[in-house]
Amino acid sequence: MTRLTGHAQRATVFVGESDLWHHKPLYAEIVHRAHRAGLAGASVFHGIEGFGASSLIHTTRLLSLSEDLPVAIVIVDSHTRIEAFLPQLDELVTEGLVILDEVEVIRYVGRTGETKK
């Protein structure tokens, strides 16, 4: 079980939901690689509207095109472990944005009896 408290680092990866890696969603590949790397956790958040370097606005609003909505993958772990994972993000994210923040972990507790998939 990973224990994480105090100073940590957060990597946030912004990509489009239609971005693929070998015919699979890119966000899923990032989460699975983070899991295999033993990182403390990763979550994917689905955006309802946004734009990036292309300056095209993607939105879920009615009467608008709702393709390629923004997705943010948030990964938190120690500075050392996040830095070690960055080469994989560099390989995977050919279009998008990766940012790093220093964070303070107040509480990180898993569920008891949780089964791994």
Side-chain angles (χ1 to χ4, degrees):
M1 175 159 113
T2 302
R3 298 207 180 268
L4 183 65
T5 57
H7 296 288
Q9 193 166 47
R10 173 178 52 202
T12 306
V13 183
F14 297 93
V15 296
E17 70 176 339
S18 66
D19 292 347
L20 299 175
W21 180 261
H22 296 284
H23 309 291
K24 290 183 355 187
L26 175 59
Y27 61 83
E29 182 66 19
I30 293 170
V31 168
H32 289 265
R33 285 197 188 192
H35 185 257
R36 283 194 305 270
L39 297 178
S43 296
V44 179
F45 298 94
H46 196 242
I48 58 172
E49 188 166 46
F51 72 93
S54 69
S55 293
L56 295 173
I57 294 180
H58 304 276
T59 182
T60 59
R61 286 186 282 139
L62 206 55
L63 302 177
S64 294
L65 294 175
S66 61
E67 58 188 40
D68 201 28
L69 292 168
V71 173
I73 305 102
V74 178
I75 305 167
V76 177
D77 206 317
S78 69
H79 183 273
T80 304
R81 293 173 67 98
I82 293 290
E83 291 291 326
F85 190 66
L86 290 179
Q88 291 196 59
L89 291 178
D90 190 47
E91 173 192 357
L92 293 168
V93 181
T94 58
E95 292 181 5
L97 173 67
V98 178
I99 61 171
L100 299 175
D101 310 272
E102 297 298 320
V103 295
E104 183 78 18
V105 175
I106 304 301
R107 184 173 170 90
Y108 176 71
V109 180
R111 294 186 192 127
T112 57
E114 185 176 313
T115 58
K116 292 187 176 186
K117 293 183 180 184

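Partner of Y27 under the side chain to side chain contact (heavy atoms under 4.5 Å, CB included) criterion, chosen from V44, L20, V13, L92: V44.
Considering CG of D19 and CZ of F14, their distance stands at 13.5 Å, rounded to 0.5 Å.
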For W21 and R33, what are the C-alpha separation, side-chain angles and deciding distance, and is it a side-chain contact (heavy atoms from CB on, under 4.5 Å)? CA-CA 12 Å; W21 180 261; R33 285 197 188 192; 3.6 Å; yes
Show, in sequence, the C-alpha distance, side-chain angles and deciding distance for I30 and I75, and conclude whether the side-chain contact (heavy atoms from CB on, under 4.5 Å) test is met. CA-CA 10 Å; I30 293 170; I75 305 167; 4.1 Å; yes
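E104 is linked by a salt bridge (Lys or Arg N to Asp or Glu O under 4.0 Å) to nothing, counting only residues two or more places apart in sequence or in another chain. Applying the side chain to side chain contact (heavy atoms under 4.5 Å, CB included) criterion to A8, with sequence neighbours excluded, gives L4, V76, V103, V105. Partners of R36 by salt bridge (Lys or Arg N to Asp or Glu O under 4.0 Å), not counting sequence neighbours, listed by chain and number: E29.
Residue E95 places its CD atom among 12 or fewer non-hydrogen atoms of other residues, nucleotides or ligands, all under 6.0 Å distant.
By the criterion of side-chain heavy atoms lying less than 4.5 angstrom apart, applied directly or through intervening Ile, Leu, Val, Met, Phe, Trp or Tyr residues, V71 is not grouped with L97; the two fall into different hydrophobic clusters.
For the pair E17 (side chain) and L69 (backbone), a donor-acceptor distance under 3.5 Å is present.
When all heavy atoms of G38 and D77 are compared, the closest pair comes out as O-OD2, 4.0 Å.
Side-chain contact between R81 and Q9 is absent, with no heavy atoms from C-beta onward closer than 4.5 Å.
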